[in-house]
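Both backbone and side-chain heavy atoms feed into the values below; hydrogens, waters and symmetry mates do not.
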Amino acid sequence: VNFLGRTAVVSASVTVSADTSSPTVSIVGSSSLTVFRPNPLSLVSSVSVPTCKGGTSRAVTYTWKVFRGLELLAELTNTATDPRAFKLNGFQLDSDNEYTVQVTAALTLNPTLLSSAVVSVRVLQSGVRASITGGRARTASVLEQFVVDASPSEDIDYPHPGSGVGYVGLTKPVSFSWQCVEAAPNF
């Protein structure tokens, strides 16, 4: 009853809906990277997760994917132990190619609430390692035939299988160009 002696009844309907706030994920650093094929690739994500009123935080599930163009490269495996991080060992990506690495962060209890971030990775060519059997300096007689053997030379990105550098992929042939220079005597 109010001060005028009147009464009234009002009803209201309140609907409580689920929180639909998605996490926001990013990849720390530049959105474009360059690497060499022999080097490992390491990325770290950062995620912001809205909390429910009262401070209840929510668990996040991370998924990392690597693409070359539109092709998903499912055979490339993340070797990082922390799910927020991505690590790919050296020699996994082909040189002179561009890749996209994508991370998706989703709420564990509601995987439809998610966000993604990408980074572009350009793999540069490392060049060749020239090597001549017998070393850099050799002494030979003009009266005898001698062989100069450069077969240990290799493409750094695609080394010989027995080189012990974590070989993955096909060996690429190295082409040679020879030049003979007389260093001494100089008349």
* To do: Could you walk me through whether Val118 and Phe67 pass the side-chain contact (heavy atoms from CB on, under 4.5 Å) test, one step at a time?
  => CA-CA 10 Å; Val118 297; Phe67 297 88; over 6 Å; no
Minimum-distance pair of heavy atoms, taken over all atoms of [X] and [Y]:
X: Ser26; Y: Ala117; value: CA-CB, 3.8 Å
X: Ala85; Y: Asn78; value: O-ND2, 3.0 Å
X: Ala106; Y: Pro111; value: CB-O, 3.7 Å
X: Gln125; Y: Phe36; value: O-CE2, 3.4 Å

Quick one: pull up [atom1] in [X] and [atom2] in [Y] and give me the separation to the nearest 0.5 Å.
X: Asn97; Y: Leu124; atom1: CG; atom2: CG; value: 11.0 Å
X: Thr34; Y: Arg122; atom1: OG1; atom2: CZ; value: 10.0 Å
X: Leu88; Y: Thr79; atom1: CG; atom2: OG1; value: 7.0 Å
X: Lys87; Y: Gln92; atom1: NZ; atom2: CD; value: 11.5 Å
X: Phe91; Y: Ile156; atom1: CZ; atom2: CD1; value: 9.0 Å
X: Gln102; Y: Thr100; atom1: CD; atom2: OG1; value: 9.0 Å

* Within 6.0 angstrom of Arg84 CZ, more than 12 heavy atoms from elsewhere ->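 No.
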* To do: Say whether Thr108 and Thr61, considering side chains only, have a donor N or O and an acceptor N or O under 3.5 Å apart.
  =>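 Yes, because at least one side-chain N or O of Thr108 sits under 3.5 Å from a partner of the opposite role on Thr61.
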* To do: Among Leu113, Val25, Val49, find the one that has a side-chain contact (heavy atoms from CB on, under 4.5 Å) with Val60.
  =>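 Single side-chain contact (heavy atoms from CB on, under 4.5 Å) partner of Val60 among Leu113, Val25, Val49: Val49.
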* **side-chain contact (heavy atoms from CB on, under 4.5 Å) partner of Val123, the single match among Leu33, Leu93, Leu41** =>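 Exactly one candidate clears the test, Leu93.
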Compare all side-chain heavy atoms of [X] with those of [Y] and state whether any distance is below 4.5 angstrom.
X: Phe86; Y: Ser42; answer: no
X: Tyr62; Y: Val47; answer: yes
X: Tyr99; Y: Leu73; answer: yes

* **Electrostatic pair Arg129:Asp155 at N-O distance under 4.0 angstrom** =>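 No, no charged N to carboxylate O under 4.0 Å.
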* Any donor and acceptor pair, going by atom type alone, linking the side chain of Trp64 with main-chain N or O of Thr77 inside 3.5 Å? ->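 Answer holds: no.
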* **Main-chain N/O of Ser126 paired with Asp157 side-chain donor or acceptor, under 3.5 Å** =>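 Confirmed, Asp157 side chain pairs with Ser126 backbone.
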* Asked: Same cluster for Phe146 and Trp178 if Ile/Leu/Val/Met/Phe/Trp/Tyr side chains link at under 4.5 Å?
  ->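 Same cluster.
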